[in-house]
Amino acid sequence: MTERTAPSPPAGPAAPSDRTVLLRGGEVHSPADPFATAMVVERGHVAWVGSEGAADAFASGVDEVLDLEGALVTPAFTDAHVHTTSTGLALTGLDLSAARTLDEALALVRSYAAGRPVGEVLLGGGWDASRWPEQRHPSRAELDAATGGRPLYLPRIDVHSAVVSTALLDLVPTITGLTGYHPDEPLTAAAHHAVRAAAHGAISPAQRADAQRAALAHAASLGIGTVHECAGPEISSEDDLIGLLKLAADVPGPRVFGYWAEQVAHAKDAQRVRELGAVGAAGDLFVDGSLGSHTACLHQPYADAPHTGTAHHDAAAIAAHVAACTEEGLQAGFHAIGDAALSAVVAGVRAAAEKVGLARVRAARHRVEHAEMMTPQTIAAFAELGLTASVQPAFDAAWGGDSGMYAQRLGVERARTLNPYAALLRAGVPLAFGSDSPVTPLDPWGTVRAAAFHRTPEHRVSVRAGFTAHTRGGWRAVGRDDAGVLVPGAPADYAIWQTGELVVQAPDDRVARWSTDPRSGTPGLPDLTPGAPLPVCLRTVVAGHTVFVRPNA
């Protein structure tokens, strides 16, 4: 790309840029004009989208002209479920997601411990024993040996259980009396929350800020313009959320919408959530846990464990939270994965609607994170109650299929019902795509690919539908219908991509072939066929401010 620009003073990311920019000579993905090749940005918003010929009229009156040289311009992505500090720590710390065996994981722990200052609590994550030939987690004795007796917190990839060293247990004197404590099994429930609090409490404010900067910079480099931070007392801390929101306001980078996962009973609780800077009492307010850790709450027992998981909030508690939030004009939401947990959410939200009115509940756009074990009944209820499904297609790519972790936990037949995106869309349930990073990586095009090429074919959606869920869907999930799309008046949050031929892909290949005909008037998107190279982000812009430029682009 080449540009002609006049100098201007820097502007903070909190306010829209006052510069006027003409982008031309590329492909602009916009419903306003399916053949657009140019766009004008003014005062941090899209001012015009149209053809190359019409762009000449704007060229002399702008502060900057950017020649796209054939590149693609799209709305910036929104990742609707992120743990920013944990993501940054994974990027800069001990990441075991690439370990192929237990021995490799322990070797990585030894190497990491040897390179860190004495006295520092060691933090890591990303391990998944279901992928290892040993099919078991590291023992405490193995971790003690690998760390040289130092404190280590090592959550499983789903972050719903953790293995730790003895030295970290020693920092929590009451640990043996807490729910979820096992002498040499992964810690869950209250025991897990306690060791996580001890480990994260040892992180200095400077370490935390460095991790947050790293995560937001990485997001920007992937064309992500907005993240939804899912914080809460069982996930992070008030200081973590407040610090992140301040950092995002002060430093150029992606926008951050914060959620605080704490029960609301009355107006004082709602006001406290707002004072933290959160847009809702939602996100990881746990109704259950995860499938990988055997803590998702099921109607029938696991295929590989003689129980049905763990329930944290029942329908009555859910109803009370939703009713209180609705009455206070605050968005509510929950983490729910298992079919029993999702049944409880539906029953609770329906009870709240009976109390405060269905129209008010629908207008509040309450949300449910993950929503994996959906049934036709819960899908219909989501549509009726106006619930947004904040989902992570990369989960299916990582753990779906007839031989994946889901099948191990549930059996093949139940596993095939998970993450039914096509059925949700057919029912009219709003979808917002995210990663749950660091559970799965920030990877927006990979996320859209995972939804379009779901391991269970009947759950696949078109690339266009997946792209919309990962752009406009995230904005709609925070109550904004005017963003996440490049039309006049929308915020100028966009990304520029180096990519190949643009096509229109749908689960039915007859539709895909027809839609590549320009006469269809459908804007194309990159070819996301598995194995094809994903687009490369050249530039990311938020509110008219450039927050990432690829070197040498």
Side-chain angles (χ1 to χ4, degrees), residues 83 86 89-90 93-97 99 101-106 108-109 112 121-147 150-172 174-200 234-235 284 286 288-298 301-312 335 337-338 370 395 398-399 404-406 408-410 436 438-440:
H83 304 286
S86 295
L89 291 170
L94 174 58
D95 180 8
L96 301 183
S97 60
T101 67
L102 173 60
D103 285 345
E104 279 191 14
L106 291 171
L108 288 169
V109 172
Y112 183 75
V121 171
L122 305 175
L123 301 169
W127 63 271
D128 183 357
S130 71
R131 298 176 179 174
W132 296 340
E134 298 89 350
Q135 291 287 300
R136 72 170 180 85
H137 60 84
S139 70
R140 197 196 314 172
E142 288 169 330
L143 295 179
D144 288 347
T147 60
R150 296 169 61 182
L152 169 69
Y153 170 65
L154 207 58
R156 189 185 181 278
I157 192 168
D158 57 20
V159 202
H160 284 272
S161 60
V163 291
V164 302
S165 65
T166 302
L168 184 62
L169 290 179
D170 291 343
L171 298 179
V172 188
T174 61
I175 190 68
T176 58
L178 297 179
T179 303
Y181 172 77
H182 308 280
D184 201 23
E185 292 293 323
L187 305 180
T188 62
H192 178 214
H193 298 155
V195 294
R196 175 165 53 198
H200 286 185
E234 294 182 351
I235 290 292
D284 279 331
F286 295 118
D288 67 346
S290 74
L291 291 165
S293 291
H294 292 100
T295 52
C297 190
L298 313 181
Y302 283 87
D304 61 350
H307 61 80
T308 58
T310 305
H312 297 296
H335 161 121
I337 286 178
H370 315 310
F395 287 8
W399 301 305
M405 182 270 287
Y406 290 155
Q408 295 173 25
R409 295 290 185 267
L410 302 173
D436 199 9
V439 175
T440 59

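Below, all heavy atoms of this structure are taken into account, side chains as well, without hydrogens, waters or symmetry copies.
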Using the side chain to side chain donor-acceptor pair (under 3.5 Å) criterion, which residues pair with [X]? Sequence neighbours excluded.
| X | result |
| --- | --- |
| T188 | none |
| E104 | R100 |
| E142 | R136, S139 |
| S97 | D95 |

Not counting sequence neighbours, which residues clear side chain to side chain contact (heavy atoms under 4.5 Å, CB included) with [X]? List them please.
| X | result |
| --- | --- |
| H312 | F286, T310 |
| L108 | L94, L96, A99 |
| S86 | H83, H200, P438 |
| D144 | R140, S165, T166 |

_Donor-acceptor pair, distance only, cut-off 3.5 Å: does the side chain of D288 make one with the backbone of G338?_
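Answer holds: yes.
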*For L143, which of L154, V164, L168 qualifies under side chain to side chain contact (heavy atoms under 4.5 Å, CB included)?*
L154
Flag the pair [X] / [Y] as yes when at least one side-chain heavy-atom distance between them is below 4.5 Å, and no otherwise.
| X | Y | answer |
| --- | --- | --- |
| L187 | R196 | no |
| T176 | L169 | no |
| S290 | F395 | no |
| E234 | H335 | no |
| W399 | I157 | yes |

_salt bridge (charged side-chain N to carboxylate O under 4.0 Å, His left out) partners for E185, two or more places apart_ =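 Listed in chain order: nothing, the list is empty.
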*Who passes salt bridge (charged side-chain N to carboxylate O under 4.0 Å, His left out) against D128, sequence neighbours left out?*
R131, R156
Can you tell me how far apart [atom1] ([X]) and [atom2] ([Y]) are? Round to the nearest 0.5 Å.
| X | Y | atom1 | atom2 | answer |
| --- | --- | --- | --- | --- |
| D284 | I235 | CG | CD1 | 4.5 Å |
| L102 | Q135 | CG | CD | 11.0 Å |
| I337 | S293 | CD1 | OG | 9.5 Å |

For [X] against [Y], the heavy-atom pair lying closest together:
| X | Y | answer |
| --- | --- | --- |
| A190 | L178 | O-CD1, 3.9 Å |
| I175 | A191 | CD1-O, 3.6 Å |
| A189 | T179 | CB-O, 3.7 Å |
| W132 | P138 | CZ3-CD, 4.1 Å |
| H137 | D184 | CE1-O, 3.3 Å |
| P155 | G124 | CD-O, 3.0 Å |

*State which residues pass ring pair (Phe, Tyr, Trp, His ring centres under 6.0 Å) with Y302; sequence neighbours excluded, sorted by chain then number.*
H294, H307
*ring pair (Phe, Tyr, Trp, His ring centres under 6.0 Å) with H192: which residues, sequence neighbours excluded?*
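Result, ring pair (Phe, Tyr, Trp, His ring centres under 6.0 Å) vs H192: Y153.
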